[in-house]
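Worksheet: one structure, shown below.
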Amino acid sequence: MKQDSPQRLTEEKPAAGRSVPVLVPMPAERPYSYAVPGDMCVEPGSIVRVPLGPRQVAGIVWDGECEAIDPRKLRPISHVFDCPPIDADMRRFIDWIAAYTLSPPGMVARMILRAPEAFDPEPWVEGLQATGAGPDRLTAARTRVLELAANGMAWTRSGLSHAAGVSSTVIDGLKAQGVFETVMIPPRPVVAAPDPAYASAELTGDQEEAARMLRDSVAADRFAVTLLDGVTGSGKTEVYFEAVAAALEEGRQVLILLPEIALTQAFLERFQDRFGTKPAEWHSDVAPRKRERVWRQVAEGGVRVVAGARSALFLPFKELGLIVVDEEHDPAYKQEDRVFYNARDMAVVRGHIGGFPVVLASATPSVESRVNASQGRYARAVLHARFAEAALPSIRAVDMRRSPPARGGFLSPMLLSHMRETLERSEQSLLFLNRRGYAPLTLCRVCGHRFQCPSCSSWLVEHRFRGQLQCHHCGHAEKRPEACPECGTLDHLVACGPGVERIAEEVVGQFPDARTIVLSSDILGGVKRLRLELEAIANGEADIVIGTQLVAKGHNFPNMTLVGVVDADLGLANGDPRAAERTFQLLSQVTGRAGRTGKKSLGLLQTFQPDHPVMRAIVSGDAEAFYEREIDERQKAGLPPFGRLAGIIVSAATRAEAEGHARGLRRAAPPANDIHILGPAEAPLALIAGRHRFRLLVQGERAADMQAYLRRLLATGPKIRGSVRVQVDVDPQSFL
DNA sequence: AGCACGCCGACT
DNA sequence: GTCGGCGTGCTC
């Protein structure tokens, strides 16, 4: 059984003349060679089915010559799918990403082969068409059917019976008399064609200027990146819809990338208001059957606009002419398993390869995009003001040293009194705290024992509602004990610090009659329930909302006039070089939830560091100053210039193992590079779940140098067990 | 990535 | 005596 099985020898013909390279969805460093049967036609990009070990997989015929391998190993391609080939741009894109992320090209190819049923054409369905012949006699039911079918349009049997409101036997009867004949109907489009002229946008001032810039960029029909930078409510979406319209007018397809969570019904409806139909959706929630149809119709050019999460970047567009990356700063664009990539950067690369424009939109752009804009590599369009009726909230910092909360509480008297006033005006308050559960740490008052995760040593978070202690890094959960496991003392465990559950407890104590709702990702009932709750809040069915990050995104709450950030400092001191930037972005988004209808509104930041640059920037609304300072600070700290942060992650099971790797890497590293060990807390979930709980982040001065260095390192460096991945935080422009 | 093979612990 | 854990190794 070690050699070719007898079965294989009998079923597959021995290799004929030609063989081609085929990229298989597997972590192989290069394409495999397959024989092309004499009567088969393939070209680079053809999607084929090939035998791979014991199974059949889909692969892509690749470019170039295939390398000479043992002819006895060579097996023939089993089937060529009747499917548009993956075009040369897309193939270059795959090669580029593989090289850039140091991932096997096969794994990148796997990302575009994720709709296996779509490789065969959608079947035509059987339909009925009126022949013009009359029935033997007319009944009321028959008349209704004939009226519908009179224009010669083909109907499906069930479609026609439903539309006419008759039983399908009526249709069968007419068909038997020759009134209808069977015809084949092509597959129904997954969405209607968007009409760029459906509703013209009403744009003013800044918006008009920005829209003109974007339209010009599309008309120029070459690679260019524009950063569309505008505060929440300034009409960014309407502005980039103009770029979408321009691309549609040019007969090009458009991809709009959104963080998964922002891909809401509300967004789809805004699109529909402008273009008369919804875009095709592409994200993890789309049913498999629908996904296949979208994939196929994108490949054939039937779908003109896709709104999708990051994986939509790997759809095989036929004539892509524009990518919009909305909320471009959002960390959700980073994929941190298998192939590590940042969809925002890959979108820029895709645009470069395809020679078309890319729009990056955000109210709080990432620092690297801001740097790219200020250095002239990206154009920048700025929307300064909100729409007339949507006034910006005024924002104040509450100095928690001067205005401390009552003992045992976490809400300052100032925040509580504003909540009371808001309640009296029948308006809504939002309390934001980016921490799930009841308390982030539990300790024993007698012996000082702290509850730690057995597998990743971070503190266990108490979830009082579920009676559990949970690890937020690896998902470990245990029942909350009554007694201290160390000293056995009963009832002396004490919760330290607040989570949203604890804040809710305090709020209910203070405002027992208010309708209070807690929103966090551990809500029972999943995304569906969450959407319902958000709707309910928007409809005014709650007075006080307490929430984590989830409430910061997307949704509009027209009656929300007070936003209180319980711990605005949270996240500022966690060692992440992007901590300040992330906090700034999050606080901007959260405070932006208030005042969307022009009512007087207020944001209060509870902080111990009212003079911190992040707080000052949020309070003054001077984002510009924040960015300038941030760029300056990081340069002074000797951190890599923005947009040129490269790194690799070497994962290890233990700190000792990680330190061993770090020593080996430091010996090989040029002096400009720095190697950090990231603990379990900073490792992505996918890594912690396995045995690789530590990561080494290797940062370098210039991305291109780093790339060369990493290559050398992986080829000649110390033997590294476990997985080696590239951290993709690099400005792709420096590679182009 | 899959999927086989292969070698050591608790059960019908 | 087997079922089943996941450690290694291979796939043109």
Side-chain angles (χ1 to χ4, degrees), chain A residues 1-38 40 42-81 86 91 94-95 97-98 101-117 119 284 288 311 314 335-341 455 474 649 651-654 657 684-693 719-726:
Chain A
M1 285 301 280
K2 282 272 156 90
Q3 277 78 38
D4 291 354
S5 66
Q7 215 181 4
R8 188 193 284 188
L9 292 175
T10 52
E11 277 184 11
E12 294 167 5
K13 280 188 262 174
R18 202 159 83 96
S19 61
V20 290
V22 174
L23 212 47
V24 287
M26 193 201 52
E29 280 308 320
R30 57 204 159 61
Y32 282 178
S33 304
Y34 283 89
V36 184
M40 186 181 278
V42 293
E43 57 179 311
S46 297
I47 299 182
V48 292
R49 187 165 58 227
V50 291
L52 183 68
R55 63 216 159 98
Q56 295 276 325
V57 297
I60 307 169
V61 176
W62 217 240
D63 307 80
E65 295 300 306
C66 60
E67 68 186 57
I69 58 147
D70 183 351
R72 280 174 306 177
K73 276 185 155 184
L74 196 63
R75 297 167 76 182
I77 294 173
S78 5
H79 176 70
V80 188
F81 289 102
I86 302 300
R91 299 200 301 277
I94 292 173
D95 278 336
I97 291 179
T101 63
L102 302 188
S103 309
M107 289 306 286
V108 184
R110 210 178 80 113
M111 299 195 289
I112 73 169
L113 296 172
R114 273 207 196 131
E117 303 303 315
F119 307 148
S284 58
S311 59
F314 298 96
Q335 168 150 49
E336 294 200 311
D337 65 281
R338 299 186 176 98
V339 180
F340 285 45
Y341 68 92
S455 54
C474 67
I649 301 163
S651 24
T654 63
E657 197 185 339
L685 278 178
L687 290 181
I688 307 164
R691 61 176 203 95
H692 309 297
R693 299 192 290 104
K719 277 268 178 293
I720 294 161
R721 292 197 301 119
S723 58
V724 178
R725 299 284 184 203
V726 172

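Every chain is numbered from 1, with letters handed out A, B, ... down the list of sequences. The model shown is predicted, which means the values in this text are computed figures rather than measured ones.
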- Message: For the CG atom of A:L23 and the CE atom of A:M107, what is their distance to the nearest 0.5 Å?
- Response: 11.0 Å
- Task: Tell me which residues in residues 22-32 of chain A put a heavy atom below 4.0 Å from DNA chain B, sorted by number, or none.
- Result: A:M26, A:P27
- Message: Once rounded to the nearest 0.5 Å, what's the spacing between atom CZ of A:R114 and atom OG of A:S311?
- Response: 7.0 Å
- Only residue of A:P27, A:P25, A:P104 satisfying side chain to side chain contact (heavy atoms under 4.5 Å, CB included) with A:R110 is A:P25
- Message: I need the A:R75 CZ to A:L52 CG distance, nearest 0.5 Å.
- Response: 7.5 Å
- Rounded to the Å, how far apart are A:M107 CE and B:dA1 C1'? 5 Å
- Item | Side chain to side chain, A:V20 and A:I77, heavy atoms closer than 4.5 Å | yes
- Message: I need the full list of salt bridge (Lys or Arg N to Asp or Glu O under 4.0 Å) pairs touching residues 23-35 of chain A, with sequence neighbours left out, sorted by first then second residue.
- Response: A:R30-A:E67
- Message: Between P on C:dT11 and CD on A:E67, what's the gap in Å once rounded to a whole number?
- Response: 13 Å
- Counting side-chain heavy atoms from CB outward, which of B:dC3, C:dT11, B:dA1 is closest to A:R75? C:dT11
- Message: Distance check needed: B:dG2 C1' versus A:Q56 CD, whole Å only.
- Response: 14 Å
- Give the rounded distance in Å between these two atoms: CZ of A:R114 and P of B:dG2. 10 Å
- Query: In whole angstroms, how far is the P atom of C:dC12 from the CD1 atom of A:I77?
  - Reply: 13 Å
- Note on the structure: In whole angstroms, the gap separating P of C:dT11 from CZ of A:R72 amounts to 12 Å
- Message: Side chain of A:R110, heavy atoms from C-beta onward: which of B:dC3, B:dG2, C:dT11 has the nearest atom to it?
- Response: B:dG2
- Query: Whole-Å distance between C:dT11 P and A:I69 CD1?
  - Reply: 10 Å
- Quick one: A:L52 CG to C:dT11 C1', roughly how many Å, whole number? 5 Å
